[in-house]
2 protein chains.
Amino acid sequence: MTDGPSSSPLRERNRQTARDVVLDAAERLLQASPSADFSMRALATEAGVGFATPFNHFGSKNAIMQALSSRVIKRMATRFREQRPQGDAVDRVLAMGRISVGVLLEKPDVSKSVVGSLGVAGPSPSAVLPQSEALWSLALGDLSTLSSDAPIALRAVLPQQLAFTFRGCVSFWIAGELTDEAMVTAFQTGALAILLGFVNPTRRAALMAQMSPLPIP
Amino acid sequence: MTDGPSSSPLRERNRQTARDVVLDAAERLLQASPSADFSMRALATEAGVGFATPFNHFGSKNAIMQALSSRVIKRMATRFREQRPQGDAVDRVLAMGRISVGVLLEKPDVSKSVVGSLGVAGPSPSAVLPQSEALWSLALGDLSTLSSDAPIALRAVLPQQLAFTFRGCVSFWIAGELTDEAMVTAFQTGALAILLGFVNPTRRAALMAQMSPLPIP
DNA sequence: TGAAAATCTATATCATGATATAAATAAAAT
DNA sequence: ATTTTATTTATATCATGATATAGATTTTCA
């Protein structure tokens with residue numbers, strides 16, 4: 001990706017437009033494709049740009065997929081905000097889990113293709129972790145509503161750990177090792193397992209009642 | 001991968017030998033390559049087989065990487081068994097975490113390349129989840145040593161959840177979002193967070209003392 | 001032991017990501 | 001208004017995963 005030369009307002013605005021045009025085109029192709037894939041030649045044609053342009057902007061096909069993944073995460077946050085789930089942090093995390101998994105399951109093949117890019121080694125780091133953490137921070141809301149002996153500072157691990165667990169569940173789902181339903185259960189149980197150590201002892205029984213192991217195939 | 005026609009003992013034995021030869025060759029090439037990668041043409045040459053043979057056995061390059069990942073997990077289990085870590089389930093899980101991450105960090109670039117295959121959508125499911133669960137069951141040992149109000153049956157979620165969290169941490173590491181050190185911290189904290197809800201209340205303070213959030217970049 | 005089946009090999013071919021390059025175009029600077 | 005700079009475009013080319021195919025080799029079976 002050419003970050004080198006400086007850009008001025010109109011140039012930068014045109015470049016951002018081109019990036020959006022490319023990403024929109026990619027989304028259209030993915031949705032239309034039975035295998036949830038596209039070639040870079042098809043992408044350039046669909047976007048109405050030259051073949052080299054997506055590479056100029058993103059560097060690689062995988063980076064395009066990563067930019068699309070970022071859009072997916074934004075979509076999850078938007079849904080959450082629109083739905084305004086009620087309840088305490090646990091309820092909200094569970095709601096975010098349902099919403100997030102729901103976004104993926106709207107178009108499972110596309111999601112697998114797009115999000116499958118995230119765990120792939122590449123020349124430059126992806127930048128999804130802060131976004132994922134923010135998503136789970138949004139879900140958790142005010143951490144002080146978790147009552148426990150855990151110091152407030154320690155509760156800072158929760159958004160990160162929820163992000164890791166979510167990523168792990170999704171990764172196994174992408175690889176075909178978890179069915180759609182199993183992924184729902186896996187993440188819900190994972191979130192509850194993490195939160196189990198951070199809630200009031202009086203709340204534990206309710207959390208445990210919602211946790212279940214996955215059947216072993 | 002040609003599972004179709006039936007095999008008899010010598011044929012099957014020869015096919016297994018060919019698979020091992022191919023995988024050994026792949027490992028040699030990965031270790032020798034500055035970019036931790038190999039072409040299928042180089043693999044066939046290194047293995048001394050025809051170009052189509054690895055495809056006949058594994059179906060795709062990614063499947064070869066997945067078979068190599070399986071070897072990595074076996075290596076982790078072997079190390080654990082050799083080291084015989086002492087202590088309760090928590091201690092053993094932490095030891096397994098150090099051992100497992102240590103295996104990956106012996107050759108970071110190779111590990112990223114190999115294990116990066118696991119989260120990639122493909123024509124057939126990978127088969128790593130049972131192996132991962134078994135790894136964490138091995139670490140946990142006898143689940144009844146965890147003292148808590150959680151029913152024994154519910155503790156069955158632990159190997160799975162540890163597997164998901166490990167996968168999630170490794171996935172972010174592969175993508176370049178976690179440094180080597182941060183991955184160590186991330187998984188240790190994740191394991192402790194999961195176990196925190198399953199230990200005796202008297203043990204909680206010691207676990208929390210070992211948990212720390214990752215610095216936000 | 002010869003025929004049949006399974007598997008491997010050598011080779012050609014194709015699709016696709018990626019790079020390079022020269023010309024064209026658009027925006028910024030003088 | 002012209003020149004300079006930045007970016008895009010069109011095109012060629014290459015590496016690489018993957019597939020196809022015919023011939024060669026190995027193993028199994030009658």
Side-chain angles (χ1 to χ4, degrees), chain A residues 1-22 25-26 29-30 33-68 113 116-117 120-124, chain B residues 1-22 25-26 29-30 33-68 113 116-117 120-124:
Chain A
M1 175 152 63
T2 47
D3 275 346
S6 60
S7 300
S8 51
L10 185 57
R11 279 200 194 278
E12 186 51 43
R13 183 165 151 192
N14 284 347
R15 286 182 60 81
Q16 183 59 52
T17 298
R19 282 193 287 271
D20 291 337
V21 163
V22 167
L29 289 175
L30 286 169
S33 156
S35 56
D37 200 9
F38 61 84
S39 73
M40 297 298 287
R41 290 175 174 84
L43 178 61
T45 301
E46 176 74 22
V49 299
F51 176 66
T53 302
F55 291 108
N56 287 341
H57 284 272
F58 297 98
S60 67
K61 184 177 181 181
N62 201 60
I64 291 169
M65 291 298 198
Q66 289 182 359
L68 292 176
S113 184
S117 67
V120 175
S124 54
Chain B
M1 173 154 65
T2 47
D3 274 346
S6 61
S7 300
S8 51
L10 184 57
R11 278 199 193 280
E12 187 51 42
R13 183 163 151 194
N14 285 346
R15 288 183 60 81
Q16 184 58 52
T17 297
R19 283 193 284 273
D20 292 336
V21 162
V22 168
L29 288 176
L30 286 169
S33 156
S35 55
D37 201 8
F38 60 82
S39 73
M40 296 301 286
R41 288 173 176 85
L43 177 61
T45 301
E46 176 73 22
V49 298
F51 175 67
T53 301
F55 291 110
N56 287 342
H57 284 273
F58 297 97
S60 67
K61 184 176 178 179
N62 201 59
I64 291 169
M65 292 297 199
Q66 290 182 359
L68 292 176
S113 184
S117 67
V120 176
S124 54

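All heavy atoms count here, side chains included; hydrogens, waters and symmetry mates do not. Proteins come first, then strands; the chains are lettered A, B, ... in the order of their sequence lines, and each starts at number 1.
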[atom1] of [X] versus [atom2] of [N]: gap in Å, rounded?
| X | N | atom1 | atom2 | answer |
| --- | --- | --- | --- | --- |
| B/R19 | C/dT7 | CZ | C1' | 12 Å |
| A/M65 | C/dG17 | CE | P | 9 Å |
| B/M40 | D/dT19 | CE | C1' | 12 Å |
| B/L43 | D/dA18 | CG | C1' | 14 Å |
| A/N62 | C/dG17 | CG | C1' | 11 Å |
| B/R13 | D/dT28 | CZ | P | 11 Å |
| B/F55 | C/dT7 | CZ | C1' | 17 Å |
| B/D37 | D/dT16 | CG | P | 8 Å |

Let's see if you can work this out: which of [options] has an atom nearest to the side-chain heavy atoms of [X]?
| X | options | answer |
| --- | --- | --- |
| A/H57 | C/dC8, D/dT8, D/dT13 | D/dT8 |
| A/A52 | C/dA20, C/dA18, D/dG17 | C/dA20 |
| A/R15 | D/dT16, D/dT19, D/dT7 | D/dT7 |
| A/S39 | D/dA18, D/dG17, C/dG17 | C/dG17 |

Original post:
OP1 or OP2 of C/dT9 sitting under 4.0 Å from any side-chain N/O of B/T53?
Top reply: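 So the side-chain polar atoms of B/T53 do come within 4.0 Å of the phosphate oxygens OP1 or OP2 of C/dT9, strictly under.
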Subject >> Base versus backbone protein contacts along nucleotides 23-29 of chain C [heavy-atom cut-off under 4.0 Å; B, S, -] >> reply: ---BBS-
Subject >> Trace of the side-chain hydrogen bond (donor to acceptor under 3.5 Å, both in side chains) decision for A/Q16 with A/R19 >> reply: CA-CA 5 Å; A/Q16 183 59 52; A/R19 282 193 287 271; 3.2 Å; yes
**OP:** Go through B/V21 and B/H57 one step at a time and tell me if the side chain to side chain contact (heavy atoms under 4.5 Å, CB included) criterion holds.
**Re:** CA-CA 11 Å; B/V21 162; B/H57 284 273; over 6 Å; no
Let me confirm one number: the [atom1]-[atom2] distance from [X] to [Y], rounded to the nearest 0.5 Å.
| X | Y | atom1 | atom2 | answer |
| --- | --- | --- | --- | --- |
| A/S60 | A/M65 | OG | CE | 10.5 Å |
| B/L10 | B/R15 | CG | CZ | 12.5 Å |
| A/F58 | A/L68 | CZ | CG | 7.5 Å |

Original post:
If we only count heavy atoms from C-beta on, is the A/I64 to A/M40 side-chain gap below 4.5 Å?
Top reply: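 Yes, close enough: below the 4.5 Å cut-off.
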Subject >> Minimal non-hydrogen separation, A/S117 against A/N62, with atom names >> reply: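 Scanning both residues, the minimum pair turns out to be CB-OD1, 3.3 Å.
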Subject >> DNA chain D: 5'-proximal contact among B/F51 and A/G50 (nearest heavy atom) >> reply: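 With B/F51 and A/G50 compared, the 5'-side residue is A/G50.
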